[in-house]
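We count ligands from 1, going down the list as the structure has it; atoms in each ligand are counted the same way.
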Amino acid sequence: MSNEVAELIKQKLGLKNPKIAVILGSGLGDLVESMEDKKRLSYKDIPNSPTSTVAGHKGELVYGTLCGKEVLCMNGRVHLYEGFDPSNIAVAIHTLKDLGIETLIVTNAAGSLNKDIAPGSLMLINDHINFSGRNPLVGPNDDFYGSRFPAMNGAYTQSLLEKMKEIAKREQIKVHEGVYLMVLGPNFETAAEVRMFTKMGADAVGCSTVPEVLAAAHCSMQVIGISVITNYGAGMVQNAPSHLETLLNANKAAETLVKLITAFIKEEG
Ligand code: HPA
């Protein structure tokens, strides 16, 4: 099934040979504006494809170039808290694999659990904690894509993380590095949860990314994860976090994110 869908996407978007795909999180659609020779395909026009119900998530595949390098963008994602089954996410990642994608850049908006990582900053994800209780690899394993019990040691590709840090330094973009913890959501965390997650070694919390990374690592894709920090976790500051604050801060940081990803694709793509 996935292969037929890949074929359809290939034809509708006129794909040549993209090797890099980017998943854009809440309020982070700006990258698409920088792309040239764009072609768009709404998720609605992809058979069996779930569509996001969340404000700030567009729901389209966009193919084009950045600095002359081909890139395929998932502009908007679906979340497990919307009621989607994690297998939907595995199918989407398998489709990218079928299309020849080798490197996946996953972005998200996340809450900070670390007082040194302020809202408005970027955090490169060096590892994750799956606290969602869900997993896209549950169910019969498709050996075509990967093994039943994949190791997650290198889920976030170390060499690409180092490359991203070098590029950030050169472009004078300040980036943090840390552990992303996924909750199912949709509510923001309690202050007690925030204290617990900090003690567990997490630096940022959000409701996405981990399923995509699990599926991508399972099928041997290289992965880079970038969190745009949009708010402090509950109890770290006076005000309560909100989706509006998330979108506003994501929009503010989007320009820096676009600069970083573009510079990376220019070299790597
Ligand atoms: N918690 C969970 N998800 C989020 C947050 C948060 O604080 N900020 C943005 N997405």
Side-chain angles (χ1 to χ4, degrees), residues 22-31 52-59 74-84 86 89 105-136 156 175-214 224-258 260:
V22 186
I23 301 179
L24 295 170
S26 302
L28 301 174
D30 281 15
L31 187 79
S52 177
T53 59
V54 186
H57 279 263
K58 273 238 162 68
M74 284 179 67
N75 190 13
R77 57 152 61 86
V78 294
H79 304 82
L80 301 185
Y81 65 68
E82 294 175 79
F84 295 112
I89 295 175
I105 302 177
V106 194
T107 68
N108 61 48
S112 174
L113 300 169
N114 177 336
K115 60 180 174 15
D116 295 333
I117 307 183
S121 53
L122 301 181
M123 185 189 92
L124 301 179
I125 303 174
N126 59 19
D127 211 345
H128 74 225
I129 297 172
N130 184 3
F131 203 80
S132 69
R134 315 292 298 278
N135 194 313
Y156 297 85
V175 286
H176 299 272
E177 185 182 333
V179 172
Y180 176 87
L181 182 143
M182 182 196 175
V183 289
L184 183 59
N187 58 286
F188 286 95
E189 299 64 46
T190 65
E193 285 165 345
V194 165
R195 289 194 298 275
M196 174 179 72
F197 294 155
T198 305
K199 285 193 180 137
M200 288 166 76
D203 299 288
V205 58
C207 309
S208 69
T209 301
V210 167
E212 292 133 355
V213 173
L214 290 172
I224 297 178
I226 311 173
S227 287
V228 172
I229 304 298
T230 53
N231 56 282
Y232 276 118
M236 293 174 74
V237 283
Q238 282 275 304
N239 61 308
S242 70
H243 189 54
L244 183 63
E245 181 190 18
T246 298
L247 288 180
L248 288 176
N249 280 327
N251 271 318
K252 273 193 217 157
E255 196 183 325
T256 325
L257 181 75
V258 168
L260 185 64

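Under a 3.5 Å cut-off, the side chain of Asn130 and the backbone N or O of Arg134 do form a donor-acceptor pair. Between the side chain of Thr198 and the main chain of Val194, a donor-acceptor pair closer than 3.5 Å is present. Looking only at distances, a side-chain donor or acceptor of Thr107 sits under 3.5 Å from a matching main-chain atom of Ile23. Judged by distance alone, with hydrogens and angles left aside, the side-chain atoms of Thr230 form no donor-acceptor pair with the main-chain N or O of Asn249 at under 3.5 Å.
In this structure, a donor-acceptor pair under 3.5 Å is absent between the side chains of Asn231 and Glu245.
Contact shell of ligand 1 (protein heavy atoms, cutoff 4.0 Å): Ala109, Ala110, Gly111, Phe188, Glu189, Val205, Gly206, Cys207, Thr230, Asn231, Thr246.
Residue pairs that meet the ring-ring contact (aromatic ring centres under 6.0 Å, His included) test with at least one member in residues 113-136, sequence neighbours left out, are His128-Tyr156, Phe131-Phe197.
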